[in-house]
Amino acid sequence: GPVVVAVYLREAAEGTDFLQEELDNLDPGEGLLEVGVQAGQAPAGLPVGGPGFGPEPDRQGEEVTIRRRIEELGDTVTGLQELIVYGLKGVASYLDHAQILGQEDDAAYGGVHELLDYLARRPTDPDELFAKALQTGALNLRAMELLDAANTGAYGHPEPTGVRITPVKGKCIAVSGHDLKDLEELLKQTKGKGINVYTHGEMLPAHAYPALKKYAHLVGNYGGAWQDQRKEFDAFPGAILMTTNCIQKPKDSYNDRIFTTGLVGYPGVRHITGRDFAPVIEAALAAPGFAEDEPEKTITVGFARQAVLGVADEVIEAVKAGKIRHFFLVGGCDGAKPGRNYYTDLAKQVPDDCVILTLACGKYRFNKLDFGDIGGIPRLLDVGQCNDAYSAVQIALALAKAFDCGVNDLPLSIVLSWYEQKAVAILLSLLHLGIRDIRLGPSLPAFVSPAVLDVLVEKFNIAPISTAAEDLAACLA
């Protein structure tokens, strides 16, 4: 409605003011302006009006909108182009996380450049575009492999670990996002200072890594997925550190105790550089903290490939004995859009002789429910962050090898929730591997036109979700 639009416009204006202030503060001899700048002259090759902006930026923007491309090229070509763009954004995110921990691959970087060059040539052949989308999926598989090697190389392989989800008395810091390196440095700097550290959102899987869970003051996980942060951070009685993830406009009630670092930022929020978290620690010590312990409740994380394949013989025997009938991989991004309760309903309705694997923040739709076990094998296996789709793939490939069949022949159904670019990249990786019959929701991405959907259905039998009961019946048929 109008109120929502007004809020977006206000936030956009605030962001523009912030960027303009940063540009005004630039030294003409430094940074982006160093190219060809001489006293009072515009940089060579850049239009008058500032770096990257011409005299009529609104008109320039209108000329390159997706809507304009649809008018020119049609929704199928434009949709396939955007499928690649979104996938590359996910690839770039994983490559950046891996690079932070020392894992790089020039061939992977070259793959990104190659695909960007391809898009810059304005390709229009749908078959070729679809092939390049699958190439993006192959590239993302390599990016996730690099990040897996980075995380396990730095912190060890995840182990099944109970995580407290209720508060502990004392001063506190909540760490949200994906960057394990930031969490590690904060744990080092808060050791012995009487501050309890909680994970939030996608940081939850950190508790399973041996080199991180060794810190006694990493006491638990606070809250749920990213879209609830304004309510949850408002109630959190300590400091908040936001590493790379979706940040929402902070409320005034916690604006003075939330901090950003890495690639995430927000106008008016203090940004930490160089991983010097002294301001975060000061804010935590100044805040009241939790007044008392709440009754302890826990959930279990850490079922990455090493942990699951370590009991593969038991899993295989349970399948052969008919104790485990089916596996469901239910995960992906979460969000506030109505319809995401589908994933809660689906998980609740999964029969007792079936196992659910989950990953990414979509797990928060059901990860605090008690699913019990099958002969000692937990019915809910939390594989990790979104990039740990790599672990899920390795588990599936290992099971297929053990049963001497293809992945598509396994008693396995994949139901994904999409929200942003990393979910698109993971979907493309699964399609690159030839995995069929994936269900995707709660609604299809806007760039998946009817014609693009027809291609996905024809080649991979991908389908939008319907109702939990109908999809469950189809998966088990």
- prompt: Does Lys251 NZ have over 12 foreign heavy atoms under 6.0 Å away?
  reply: yes

Carboxylate-amine/guanidinium proximity below 4.0 Å for Asp353 and Arg325: yes

field: Side-chain touch Ile100/Asp182, heavy atoms, less than 4.5 angstrom
entry: no

message: Within the 4.5 Å heavy-atom criterion, are Pro167 and Glu294 side-chain neighbours or not?
response: yes

message: If you count heavy atoms of other groups shown closer than 6.0 angstrom to NZ of Lys297, is the number above 12?
response: no

- prompt: What's the verdict on ring-ring contact (aromatic ring centres under 6.0 Å, His included) for Tyr198 and His200, showing C-alpha distance, side-chain angles and the deciding distance?
  reply: CA-CA 7 Å; Tyr198 297 80; His200 176 269; over 10 Å; no

task: Start with the C-alpha distance between Leu440 and Val448, add both sets of side-chain angles, then the distance that settles side chain to side chain contact (heavy atoms under 4.5 Å, CB included), and finish with yes or no.
output: CA-CA 11 Å; Leu440 183 64; Val448 178; 5.9 Å; no

Heavy-atom side-chain contact between Lys323 and Ile377 under 4.5 Å: no

message: Salt bridge check, Arg305 against Asp148: does any charged N sit closer than 4.0 Å to a carboxylate O?
response: yes

query: Is there a donor-acceptor pair under 3.5 Å between the side chain of Arg142 and the backbone N or O of Ala108?
result: no

- request: Could you walk me through whether Tyr215 and Leu183 pass the side chain to side chain contact (heavy atoms under 4.5 Å, CB included) test, one step at a time?
  value: CA-CA 11 Å; Tyr215 291 94; Leu183 174 63; over 6 Å; no

query: How long is the gap from CG on Leu241 to CD1 on Ile258, to the nearest 0.5 Å?
result: 9.0 Å

- prompt: Is it true that a side-chain atom of Lys171 and a backbone atom of Gly289 form a donor plus acceptor pair closer than 3.5 Å?
  reply: no

task: Determine the minimum heavy-atom distance between Val77 and Pro126, stating which atoms define it.
output: CG2-CG, 4.4 Å

query: Less than 6.0 Å separating the ring centroids of Phe236 and Tyr254?
result: no

- prompt: Counting only heavy atoms not in Asp404, do more than 12 fall under 6.0 Å of its CG?
  reply: no

From Asp382 atom CG to Asn367 atom CG, the distance as rounded to the nearest 0.5 Å: 6.5 Å

query: With side chains defined as the heavy atoms from C-beta onward, is the minimum distance between Ile195 and Ile281 less than 4.5 Å?
result: yes

query: Do Tyr343 and Ile465 have side chains that get closer than 4.5 Å, going by heavy atoms?
result: yes

field: Closest non-hydrogen atom pair between Ala400 and Gly406, with its separation
entry: CB-C, 3.9 Å

- request: Look at the rings of His326 and Phe328 and say which category their plane angle falls in: under 30° parallel, 30 to 60° tilted, over 60° perpendicular.
  value: tilted

- prompt: What are the two closest non-hydrogen atoms of Pro250 and Val269, and how far apart are they?
  reply: CG-CG2, 3.7 Å

- request: Hey, could you give me the CG/CG distance between Leu139 and Leu428, rounded to the nearest 0.5 Å?
  value: 10.5 Å

- request: Spell out, as yes or no, whether a donor-acceptor pair under 3.5 Å connects the side chain of Gln103 to the backbone of Leu146.
  value: no

- prompt: So, are Lys169 and Asp293 salt-bridged, with charged N and O less than 4.0 Å apart?
  reply: no

- request: Output, in order, the C-alpha distance, side-chain angles, deciding distance and verdict of side chain to side chain contact (heavy atoms under 4.5 Å, CB included) for Leu430 and Leu416.
  value: CA-CA 11 Å; Leu430 296 176; Leu416 299 180; 3.9 Å; yes

message: I want to check something: taking the side chain as every heavy atom from C-beta on, are Asp471 and Tyr342 in contact at a cut-off of under 4.5 Å?
response: yes

- request: State, without any angle test, whether His178 and Lys422 hold a side-chain donor-acceptor pair at a distance under 3.5 Å.
  value: yes

message: Please check: side-chain N/O of Glu82 versus main-chain N/O of Gly79, any donor-acceptor pairing under 3.5 Å?
response: no

Main-chain N/O of Pro295 paired to Thr166 side chain as donor or acceptor, under 3.5 Å: yes

task: Write down the atom of Gly302, the atom of Ala208, and the distance for their closest heavy-atom approach.
output: CA-CB, 3.4 Å

task: Look only at the side chain of Gln229 and the backbone of Gln248, and say whether a donor-acceptor pair between them is shorter than 3.5 Å.
output: yes

message: Quick check on side-chain contact (heavy atoms from CB on, under 4.5 Å): which of Phe233, Tyr266, Phe259 does Met242 satisfy it with?
response: Phe233

- request: Decide yes or no on side chain to side chain contact (heavy atoms under 4.5 Å, CB included) for Phe130 and Leu456, but give the supporting numbers first.
  value: CA-CA 10 Å; Phe130 192 77; Leu456 294 174; 3.6 Å; yes

- prompt: Quick one: does Asn387's side chain get under 4.5 Å of His97's, heavy atoms only?
  reply: no

- prompt: Salt-bridged, Asp117 to Arg121, with N to O below 4.0 Å?
  reply: yes

- prompt: Checking Thr344 side chain against Arg365 main chain: does a donor-acceptor pair fall under 3.5 Å?
  reply: yes

- line: Rounding to 0.5 Å, atoms CG (Leu187) and NE2 (His217) come to a distance of 4.5 Å

- request: Would you mind telling me which of Lys213, Glu184, Lys181, Lys214 makes a side chain to side chain donor-acceptor pair (under 3.5 Å) with Tyr155?
  value: Glu184

field: Reported CG-to-CG distance for the pair Asn245 and Asp179, which is rounded to 0.5 angstrom
entry: 9.0 Å

field: side-chain hydrogen bond (donor to acceptor under 3.5 Å, both in side chains) evaluation trace for Glu104 with Tyr109
entry: CA-CA 8 Å; Glu104 298 191 77; Tyr109 297 154; 2.8 Å; yes

message: Given 3.5 Å as the limit, does a donor-acceptor pair link the side chain of Arg379 with the main chain of Ile356, or not?
response: no

statement: Per side-chain contact (heavy atoms from CB on, under 4.5 Å), Leu380 is matched among Leu357, Val350, Thr358, Ile299 by Thr358

query: Which heavy-atom pair separates Ile173 from Thr190 by the least distance, and what is that distance?
result: CD1-CG2, 4.0 Å

Considering all heavy atoms, the nearest Ala425-Asn140 contact: O-ND2, 3.3 Å

- prompt: Looking only at atom types and distance, does a side-chain atom of Gln135 sit under 3.5 Å from a main-chain N or O of His432, one as donor and one as acceptor?
  reply: no

query: Is any side-chain heavy atom of His207 closer than 4.5 Å to a side-chain heavy atom of Leu212?
result: no

message: So that I can tick it off, tell me whether Glu114 and Lys132 are bridged by a salt bridge, with the cut-off set at under 4.0 angstrom between side-chain N and carboxylate O.
response: yes

task: Answer with yes or no whether the side chains of Tyr118 and Glu128 bring together a donor and an acceptor at under 3.5 Å.
output: yes

query: Quick check: does any side chain N or O of Glu159 sit under 3.5 Å from a backbone N or O of Tyr209, one acting as donor and the other as acceptor?
result: no

task: Report yes or no: is the cationic atom of Lys89 (NZ for Lys, CZ for Arg) closer than 6.0 Å to the six-membered ring centre of Tyr86, at no more than 45° off its axis?
output: yes

- prompt: When you look at Lys320 and Glu317, which way does the salt bridge (charged side-chain N to carboxylate O under 4.0 Å, His left out) test go after all the steps?
  reply: CA-CA 5 Å; Lys320 289 181 177 178; Glu317 184 57 37; 5.8 Å; no

message: For the CG atom of Leu359 and the OH atom of Tyr390, what is their distance to the nearest 0.5 Å?
response: 14.5 Å

